[in-house]
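As structure tokens, the structure follows; a few thoughts come after it.
Just so it is clear: chains get the letters A, B, ... in the order the sequence lines come, proteins before strands, and each one is counted from 1. It should be emphasised that the depicted structure is a prediction, and the values quoted were computed from it without experimental measurement.
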Amino acid sequence: MSLRLYNTLSRSVEPFVPAHPPRVTFYSCGPTVYDFAHIGNFRSFLAADLLRRYLEFSGYQVRQVMNMTDVGHMVDDEAADGGGPDKLEVARQRLLESKKAGKLPPGVSLDPDDPYAIGSFYAEAFLADARVLGLKVASEMLEDPSLMPRPTQYVPQMIALTKKLIDDRHAYVASDGVVYFDVQSFPEYGQLSGNTLDQLRSGAGGRIDEANQAVKKHPADFMLWKPDPTHLMRWPSPWGEGYPGWHLECSAMALDLLASGDERTIDLHSGGEDNIFPHHECEIAQSRGVTGAKHFARHWFHPRHLFVEGEKMSKSKGTFLTVRDLLARGYGPAAIRLELIKTHYRSNANFTFQGLKDTDRMTARWRAFVERGEASGSDRPADEAVAREFADAMDNDLNIAGAMGAVNKWIGQAAEPSRADAALMRRLDTVLGVLELPEQADAALLERLGIASAGGSVDAAHVEQLIADRNAARASRDFKKADAVRDELAAMGIEIKDGPDGTTWTQRPR
RNA sequence: GGCCGGAUACCCAAGCGGUCCAAGGGGACGGAUUGCAAAUUCGUUAUUCGCGGGUUCGAAUCCCGCUCCGGCCUCCA
């Protein structure tokens, strides 16, 4: 068996075949850095991470690039032609307010008037969160920063692409001075999203600013460069000082970092389902307009959106949870990661706190299994059947639930685990990526992220004292008092556990 | 209106025509263990897969219709 993966381009599950195995080139549309990323963002990035890890498990060598969008695009991005306040301007206002309210994380000296500093601030926050959740590319980029590029570093390449598109008659300068891509010059526009130019034309009625439409050859024509000397971020160009269109950056970076030389096609491209149209559709048109290749990406991977407690989450509704929120409430990185990857990537996952508790239990059991195995004196070889079952499930369009079922069944049935069993579990975990993460976010991590625990800081010495009191009461068989102390601790959010090596305690998530 | 998904027990969820009186996790319930808990462990928890037809020797799995839910169609991962 080998991996079969749904390809948005063909709307079917098909064998994943890179151009030059065992190498795989993989471009992932990453976050925008105008704000903290929410768990919905992370669900999509982690789905890409899971895919990437499974490819590596299967023997591929993956080069994954993930961008961090830091060019300030418009909030009210009518036809992607610019309108409404700049997103970076919005972020700047928000940061200024935080600064005034003294809410900026300690140790951060940030000039909110510097748009690059704003982007850097949120980019660093994203990288920190991503590493907490085991996003591999976020760790790799410490060695090779080009793996997580930012479009403000790629403006010359974007200008070069625009020039070539104009030269090749795929783009034109309209009467308003804006450079547009001419969708009618690219007959396959719409293939990825299942649109046709006619549908797009009729669908455009009433939704698009008339004045703006008037200058374009087709309503679906999208902006490549907008001259605007008042924009917060702007660069000189042959079409005047201004800024690039928001689809262009991914074409520029993917082609430059993954398809340089003779190679004009990348193997894999991922992004949230909302990116299918227009973003990826436009990327394909631009990129193939430049390269002339049959494909921009051979395989398109689009995880679906995450719901929270049954409700759609979105930035505009403000119903989003961040990784920091969950850590502050006492949930551990391992459980958060598993909760976000445990549902098939093409289903709308529903994030719930109940689910987070489920996954917390599951990771604890896996961890205990590995710890017992590694401490075991048994040389009994591992039963490789679970690895086959695991791989069979994952080969089937990343059937993560089936793969987890195989792991759980194995762990449930296995006798005392041997060292080989523990090693096998660790091997499977190179895909799942949860055992390598801490079970609990410790104080040092919380401080590094600049967040305070919502539970307040627990006075560890006080807790230890109460536990000592309780154990003294137990020793004198005063169980009434012992239970009273335990209730007191519980009221503080502390759970205790009497083990063979004494009493341990943990702070319960809130 | 166009395009694309989905409906499996209390919750999450696998299942891709027979080996399904349907995996796995959580929860609940009962037993062992424990001073009591927690953890662990054993057992129980869907003769049934949204509804109605059909194809087939055989359907949760294929086809048709219906109902409901969701996504995208230029803010969004």
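- For A:Thr32, a side-chain nitrogen or oxygen approaches OP1 or OP2 of B:A77 to under 4.0 Å.
- Spacing between B:C4 and B:C64 at atom P, rounded to whole Å, works out to 13 Å.
- Between the CE atom of A:Met394 and the P atom of B:G15 there is a distance of 12 Å, given to the nearest Å.
- Checking B:U34 for Watson-Crick or G-U wobble geometry (two distances, each under 3.5 Å) identifies no partner in any strand.
- Rounded to whole Å, atom P of B:G6 lies 11 Å from atom CG of A:Asp397.
- Each of A:Pro303 and A:Glu273 has a nearest nucleotide on RNA chain B; the 5'-most of these lies closest to A:Glu273.
- The nucleotide whose nearest atom lies closest to any side-chain atom of A:Lys87 is, among B:C75, B:C16, B:G71, B:C75.
- Pairing for B:U67 goes to B:A7, judged as Watson-Crick or G-U wobble with the two contacts each under 3.5 Å.
- The residues A:Asp498 and A:Arg470 are annotated as salt-bridged, a charged nitrogen and a carboxylate oxygen being separated by less than 4.0 angstrom.
- A cation-pi arrangement is not found for A:Arg94 relative to A:Tyr34, the charged atom failing to lie both closer than 6.0 Å to the ring centre and inside a 45° cone about the ring normal.
- Between B:C51 and B:U61, the distance separating the two P atoms is 11 Å to the nearest Å.
- Taking the ring centroids of A:Tyr6 and A:Phe16, they lie at or beyond the 6.0 Å cut-off.
- For A:Ile400 and B:A23, the CD1 to P distance is 20 Å, given to the nearest whole Å.
- Nucleotides B:G52 and B:A9, compared at atom P, are 15 Å apart to the nearest Å.
- The side chain of A:Arg11 has B:C4 as its nearest neighbour among B:A77, B:C75, B:C4.
- Residue contacts shown for A:Ala220 include a base, since a base heavy atom lies under 4.0 Å away.
- When distances run from any side-chain atom of A:His305 to the nucleotides B:A77, B:C12, B:G70, the shortest one goes to B:A77.
- Across B:C16 and B:A22, the matching P atoms stand 15 Å from one another, rounded to whole Å.
- Pair assignment for B:C72: B:G2, on the basis of Watson-Crick or G-U wobble contacts that are both within less than 3.5 Å.
- Comparing atom distances between the A:Asp274 side chain and each of B:G70, B:C12, B:A77 picks out B:A77 as nearest.
- Side-chain polar atoms of A:His302 and A:Thr8 form a donor-acceptor pair below 3.5 angstrom.
- Closest to the A:Phe307 side chain, of the nucleotides B:G70, B:G26, B:C76, is B:G70.
- A straight line from CG of A:Asn195 to C1' of B:G2 spans 8 Å, rounded to a whole angstrom.
- Comparing the same atom, P, in B:A7 and in B:C49 gives a spacing of 14 Å after rounding to whole Å.
- To the nearest angstrom, P of B:G25 lies 17 Å from CD of A:Glu339.
- Annotation: cation-pi geometry satisfied between A:Lys217 and A:Tyr172 (NZ/CZ under 6.0 angstrom from ring centroid, within 45° of ring axis).
- Per the geometry, CG belonging to A:Leu306 stands 14 Å off P belonging to B:C72, to the nearest Å.
- At the heavy-atom level, A:Lys357 lies nowhere under 4.0 Å from the strands shown.
- Of the P atoms belonging to B:C10 and B:G6, the separation is 23 Å, rounded to the nearest Å.
- When heavy atoms are screened at a 4.0 angstrom cut-off, A:Phe42 is found touching no nucleic acid atom at all.
- Of the listed nucleotides (B:A14, B:G71, B:G25), B:A14 has the atom at the smallest distance from the side chain of A:Ala401.
- Distances shorter than 4.0 Å separate none of the side-chain N or O atoms of A:Asn275 from OP1 or OP2 on B:C72.
- Between the side chains of A:Glu309 and A:Thr352, no donor N or O sits under 3.5 Å from an acceptor N or O.
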Heavy atoms under 4.0 Å is the rule here; annotate nucleotides 28-44 of chain B 5' to 3' with B where the base is hit, S where only the sugar-phosphate is, and - elsewhere. -------BBBBSS----
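- Atom pair A:Tyr189:OH and B:C73:P shows a separation of 12 Å (rounding to whole Å applied).
- In this structure, B:A46 forms no base pair with any nucleotide, since neither Watson-Crick nor G-U wobble geometry is met with both distances under 3.5 Å.
- Take the nearest nucleotide of RNA chain B for A:Gly405 and for A:Phe277: the residue whose nucleotide is more 5' is A:Gly405.
- Using N1 to N3 plus N6-O4 or O6-N4 for Watson-Crick, or N1-O2 and O6-N3 for G-U wobble, each under 3.5 Å, B:C57 pairs with B:G18.
- Across the P atoms, B:G50 and B:U44 are found 26 Å apart, a figure rounded to whole Å.
- At whole-Å resolution of the value, OH in A:Tyr345 and C1' in B:A13 are 17 Å apart.
- Using a 4.0 Å heavy-atom criterion, one finds that A:Gly355 contacts no nucleic acid atom at all.
- Side-chain contact annotation: A:Tyr27 with A:Asp267, donor-acceptor N/O pair under 3.5 Å absent.
- B:A59 and B:C63 have their P atoms separated by 15 Å, with the value rounded to a whole Å.
- Looking at A:Asn195 and A:Ser193, their side chains do bring a donor and an acceptor atom within 3.5 Å of each other.
- The phosphate of B:A77 has OP1 or OP2 within less than 4.0 Å of a side-chain N or O from A:Asn41.
- One finds a salt bridge joining A:Arg53 and A:Asp49 here, because a Lys/Arg side-chain nitrogen approaches an Asp/Glu carboxylate oxygen to under 4.0 Å.
- A:Ser418 and A:Ser376 are not linked by any side-chain donor-acceptor pair at a separation below 3.5 angstrom, with hydrogens and angles left out of the test.
- Among the atoms of the strands shown, only primed sugar atoms or phosphate atoms (P, OP1, OP2) are found under 4.0 Å from some heavy atom of A:Thr343.
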